[in-house]
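Take a look at the structure set out below.
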Amino acid sequence: MPVTIESRRFGRLELPDTQVVDVPHGLVGLPGTRYAFVPTDAGSPFWWLQSAEDPDLALPVCDPFQFFPDFALELSDDATAEAGLPEDGAGVQVWVTVRASGELQDFAANLRGPIVVVDGTAHQVVNEAPGADVRAPLFA
Amino acid sequence: MLQITRRAGERIVLDGGISIVVLDVTGGQVKVGVDAPRSVRVYRGEIWDAIEAENRAAVADAPDALPAMPPREQPADG
């Protein structure tokens with residue numbers, strides 16, 4: 001079933017419901033509990049996480065493993081349980097938010113607060129892995 | 001802000017089944033235990049602040065369009 005979402009950047013979007021997620025606790029400091037993953041051009045590593053409730057609210061995200069081969073995700077037992085993640089990580093998608101201001105070499109990802117998605121539900125969690133940088137350069 | 005003085009071993013109880021216990025006070029450090037239902041998320045303040053700041057900056061700094069550039073090729077081993 002396609003889902004219709006209004007977006008300032010993209011106008012009216014018809015997205016497969018597999019790209020729309022519930023975010024029961026929201027993203028830290030941002031409003032809303034329902035977001036959609038919107039792809040950018042083919043070949044781009046970036047996606048938009050577009051609020052399904054606020055057309056103006058969208059932030060870039062990417063797959064951390066694509067940029068940081070050594071990326072590790074370590075969650076507390078409570079965070080794992082609360083996010084409903086299986087112990088073996090099967091079926092879990094991991095995204096990180098991107099600050100995409102200025103030049104490419106200024107782009108940075110937040111490896112400390114990744115967004116984990118399983119079964120259509122997303123949680124922003126605290127990554128306890130040592131060295132998980134809040135502002136890790138993507139192209140530097 | 002409500003201010004309450006506590007000694008080691010004493011606790012504060014919040015509505016909703018949340019207890020905050022002062023476990024130990026040594027030098028300038030206070031060790032605190034939080035007993036809360038699983039649905040209550042507990043963060044260190046500075047980590048919460050950092051993630052919140054990055055989320056807001058990601059929204060505020062986002063351009064109208066993202067570059068279509070693929071990630072750099074990873075150098076082959078050896």
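Naming convention: chains lettered A, B, ... in sequence-line order (proteins, then strands); numbering from 1 in each chain. In what follows, every heavy atom counts, from backbone to side chain, and hydrogens, waters and symmetry copies are set aside.
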| message | For B:Glu46, is the CD atom crowded, meaning more than 12 foreign heavy atoms sit under 6.0 Å from it? | response | yes
| request: Sort out for me which of A:Gln124, A:Arg112, A:Arg8 touches chain B most, counting heavy-atom pairs under 4.5 Å. | output: A:Gln124
| remark: Of the listed A:Asn110, A:Asp56, A:Thr97, the one with the largest count of heavy-atom pairs under 4.5 Å with chain B is A:Asn110
Side chain, backbone, both or neither: which part of [X] has a heavy atom under 4.5 Å from chain B?
| X | result |
| --- | --- |
| A:Ala81 | side chain |
| A:Leu27 | both |
| A:Val134 | both |

| According to the interplanar angle, ranging from 0 to 90°, do the rings of B:Tyr43 and B:Trp48 count as parallel (below 30°), tilted (30 to 60°) or perpendicular (above 60°)? | tilted
| task | I would like to know whether A:Arg34 and A:Glu53 meet salt bridge (Lys or Arg N to Asp or Glu O under 4.0 Å); could you show each step before the answer? | result | CA-CA 7 Å; A:Arg34 201 161 157 76; A:Glu53 297 145 332; over 6 Å; no
| Hey, does A:His123 have a side-chain heavy atom less than 4.5 Å from the side chain of A:Val116? | yes
| message | Contact between A:Val20 and A:Ile5 at the side-chain level, heavy atoms closer than 4.5 Å - yes or no? | response | yes
